[in-house]
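Every value quoted in this text rests on a predicted model; they were computed, and no experiment measured them.
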Amino acid sequence: MYTNRFTLFICSVSAMGGLLFGYDWVVIGGAKPFYELYFGIADSPVLQGVAMTTALVGCLLGAMVAGALADRFGRKPLLMTSAVLFTVSAIGTGLFNDFTLFNIARLVGGVGIGVASALAPMYIAEVSPANIRGRMVSLNQMTIVLGILAAQVVNLLLARDVTTEENLRWNIEWGWRWMFWAETAPAALFLFMSFFIPESPVFMRLKSAPKAVGNERKNALSALLQPKYRRVLLLGLFIAVFQQWCGTNVIFNYAQEIFIGAGFNVDGMFINIVITGIANVLFTFIALYTIEKWGRRTLMLIGAGGLGTIYAILGYGYYQHLTGTLMVVLVVAAISVYAMTLGPVTWTLLAEIFPNRVRGVGMAACTFALWTGCCTLTFSFPSMNASLGSDGTFWIYSLICLSAFLLLWRYCPETKGKSLEELEKELTD
C-alpha cells in the first residue's frame with residue numbers, strides 16, 4: 001500500500017518503541033551499584049531483586065492488555081500510549097527519593113515496554129510487504145540493541161571514577177538519576193513522531209469486516225484457543241519463552257556480577273559492557289541482511305546450537321577459574337550469536353505466524369509469556385549463581401539451548417517470502 005520510503009519511515013517510527021524498550025530495560029544495570037547505596041539496599045538481596053524486577057512486572061501487565069486494546073482501539077493509539085508511559089517513567093524514576101515511588105515509576109516504564117514490545121513488531125509486519133517484512137521487523141530489534149548500547153554508553157559516561165570520595169558521592173546522589181533522565185528526550189521524540197504514522201491497514205480491514213468476522217475479532221481470545229490455532233499458539237509460546245531462557249539477557253541485567261566474576265574491576269566492567277553492546281549492534285545489523293537470505297528457521301537453529309556450545313565452553317572457563325580476555329571473548333561471542341539469530345528472529349516469527357483475526361491477542365499472549373520468562377530468568381539468576389556457581393548456571397543454559405535446538409528442528413516452520421495470508425493457510429489447515 002505504501003512506497004518503500006514511506007514504509008521505512010513508519011516502520012522506523014514504530015521501532016522507536018524498541019529503542020526505548022532497550023534503553024529502559026538495560027539502563028538499570030549501570031545505575032544499580034549507585035541507587036542501591038542511595039536507598040540503603042546494598043545488603044538486601046530481596047530488595048535488590050524487587051528493584052530489578054519491578055519493570056518486568058510492568059512488562060507483564062503491558063503485554064497482558066496490549067492485544068485486546070490494540071484490537072479494539074487500533075495499533076497507533078497504543079504506540080502513542082507507550083511513548084507517554086516511557087516519558088513519565090524516565091522523569092519519575094530519577095526524580096523520586098522514596099524507594100516505593102522509585103519502583104512505581106519503574107513499573108510504569110515496564111508497562112510501556114510491554115505494550116511497545118507487543119505492538120511494534122506486529123504493526124511493522126502488518127504494514128510491510130512480504131519480500132522485506134523480515135528485514136523491517138528486524139529493524140525493531142536493531143533499535144532495541146541501539147537502545148541497549150545507548151544505555152551502556154550513557155552509564156559509562158555518567159558514572160564517575162569511584163576512587164575519590166567526591167565522585168562516589170556524586171554517583172550516589174545524582175549519577176543514577178541522570179542515567180534514567182537521559183531517556184526523556186527520545187521518549188518525547190517518539191511521542192511526537194507517532195502522530196505522523198497511519199493506522200495499520202490490517203486493523204482497518206478487520207474494523208470494517210462483516211459482522212461474523214467482527215464478532216470473531218471481538219472474541220479473539222476464544223478464537224485463539226480453538227484447535228486450528230493450537231499449533232501456532234504453542235509454537236509462539238515456546239519461541240517466546242526460549243528467547244529469554246536461552247540465558248543471554250542475564251549478561252545485560254547482571255553484567256556487573258558476570259564481569260567481576262571474570263576478574264575485572266568496576267571500571268573494566270563498564271568498558272566490557274560497552275564492548276558487548278557494540279557487538280550486539282553489529283551482529284543485529286548483519287541479521288537485517290541474513291534474515292531474508294538464510295531464513296527464519298535456519299537462524300533459529302544456528303542461535304540455539306551456537307549458544308548451547310558457547311555456554312558449555314563458558315561454563316568450563318568459570319569451572320577452571322579462568323579470567324581476563326578469553327572470558328570476555330566468550331561473552332561477546334554469545335551476545336553476537338544471539339543478536340544475529342534469536343534476538344531479531346523471535347520477534348519476526350511471532351509477528352508472522354498468527355492469522356490476522358487473532359494476531360493482536362496472539363502477540364499479546366506470546367509477549368506475556370516472553371516477559372514471564374524474563375522475570376523468572378532475572379529473578380532466578382542470583383540464586384542459581386550463588387548455589388550452582390557461574391559454571392553450573394551456564395551449563396544449565398547450555399542444556400536448555402541444546403534441547404531447544406531439537407524442538408526447533410522438529411517444529412519451526414520457514415516463513416520467509418510468504419504473505420501473511422499464505423502463512424495463515426499453511427499453519428492453520
Residue that, paired with Asn280, satisfies side-chain contact (heavy atoms from CB on, under 4.5 Å) out of Ile148, Thr248, Val332, Ile144:
Ile148
Taking side-chain contact (heavy atoms from CB on, under 4.5 Å) as the criterion, tell me which of Ser128, Pro198, Ser194 meets it with Ile10.
Pro198
Which atom pair, heavy atoms only, marks the closest approach of [X] to [Y]?
| X | Y | answer |
| --- | --- | --- |
| Arg75 | Glu199 | N-OE2, 2.9 Å |
| Gln244 | Gly373 | CB-C, 3.8 Å |
| Asn103 | Ala51 | OD1-CA, 3.4 Å |
| Trp181 | Ala90 | CD1-O, 3.2 Å |
| Ala116 | Phe86 | CB-CE1, 4.1 Å |
| Leu158 | Met179 | CD1-N, 3.5 Å |

Considering residues, nucleotides and ligands other than [X], do more than 12 of their heavy atoms fall under 6.0 Å from its [atom1]?
| X | atom1 | value |
| --- | --- | --- |
| Asp98 | CG | yes |
| Phe285 | CZ | no |
| Gln320 | CD | yes |

How long is the gap from [atom1] on [X] to [atom2] on [Y], to the nearest 0.5 Å?
| X | Y | atom1 | atom2 | value |
| --- | --- | --- | --- | --- |
| Ile239 | Leu370 | CD1 | CG | 11.0 Å |
| Cys401 | Leu408 | SG | CG | 10.0 Å |
| Ile197 | Met16 | CD1 | CE | 10.5 Å |
| Trp347 | Cys366 | CH2 | SG | 9.5 Å |
| Leu79 | Met122 | CG | CE | 8.5 Å |
| Leu101 | Leu107 | CG | CG | 12.0 Å |

Would you check if the side chain of [X] reaches a backbone N or O of [Y] as a donor-acceptor pair within less than 3.5 Å?
| X | Y | result |
| --- | --- | --- |
| Ser89 | Ala105 | yes |
| Thr341 | Val337 | yes |
| Gln48 | Glu36 | no |
| Lys416 | Trp294 | no |
| Glu292 | Gly134 | yes |
| Arg359 | Ala351 | yes |
| Arg297 | Cys412 | yes |
| Thr346 | Gly343 | no |

Could you give me the CA-CA distance, side-chain angles and deciding distance for Ile335 and Tyr338, then say whether side-chain contact (heavy atoms from CB on, under 4.5 Å) is met?
CA-CA 5 Å; Ile335 292 292; Tyr338 175 85; 5.8 Å; no
With a 4.5 Å limit on heavy-atom distance, are the side chains of [X] and [Y] in contact?
| X | Y | answer |
| --- | --- | --- |
| Phe190 | Ser82 | yes |
| Ile302 | Met340 | no |
| Ser138 | Thr348 | yes |
| Arg106 | Asp24 | yes |
| Leu342 | Leu307 | yes |
| Trp395 | Tyr318 | no |
| Ile353 | Leu423 | no |
| Met52 | Ile28 | yes |

How are the rings of Phe192 and Phe196 set to each other: parallel, tilted or perpendicular (split at 30° and 60°)?
perpendicular
On the 0 to 90° scale, with breaks at 30° and 60°, tag the Phe394-Tyr311 ring pair as parallel, tilted or perpendicular.
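It falls in the tilted class, 30° to 60°.
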List the steps and the verdict of side-chain contact (heavy atoms from CB on, under 4.5 Å) for Tyr316 and Asp391.
CA-CA 6 Å; Tyr316 180 77; Asp391 52 348; over 6 Å; no
Could you walk me through whether Leu56 and Leu60 pass side-chain contact (heavy atoms from CB on, under 4.5 Å), step by step?
CA-CA 6 Å; Leu56 299 180; Leu60 292 175; over 6 Å; no
Candidate pair Ile124 and Leu139, rule side-chain contact (heavy atoms from CB on, under 4.5 Å), full reasoning
CA-CA 9 Å; Ile124 293 172; Leu139 184 65; 5.5 Å; no
If we ignore angles and hydrogens, is there a donor and acceptor under 3.5 Å between the side chains of Gln141 and Thr284?
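No, no side-chain donor-acceptor pair sits under 3.5 Å.
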Test ring pair (Phe, Tyr, Trp, His ring centres under 6.0 Å) applied to Tyr35 and Trp178, Phe99, Phe102, the passing residue
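When ring pair (Phe, Tyr, Trp, His ring centres under 6.0 Å) is applied between Tyr35 and each of Trp178, Phe99, Phe102, only Phe102 qualifies.
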Among Trp170, Phe34, Phe96, Phe39, which one satisfies ring pair (Phe, Tyr, Trp, His ring centres under 6.0 Å) with Trp176?
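Among Trp170, Phe34, Phe96, Phe39, the one meeting ring pair (Phe, Tyr, Trp, His ring centres under 6.0 Å) with Trp176 is Phe39.
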CA sep, side-chain torsions, deciding dist, call: Arg177, Tyr38, side-chain hydrogen bond (donor to acceptor under 3.5 Å, both in side chains)
CA-CA 11 Å; Arg177 298 180 189 274; Tyr38 180 84; 3.0 Å; yes
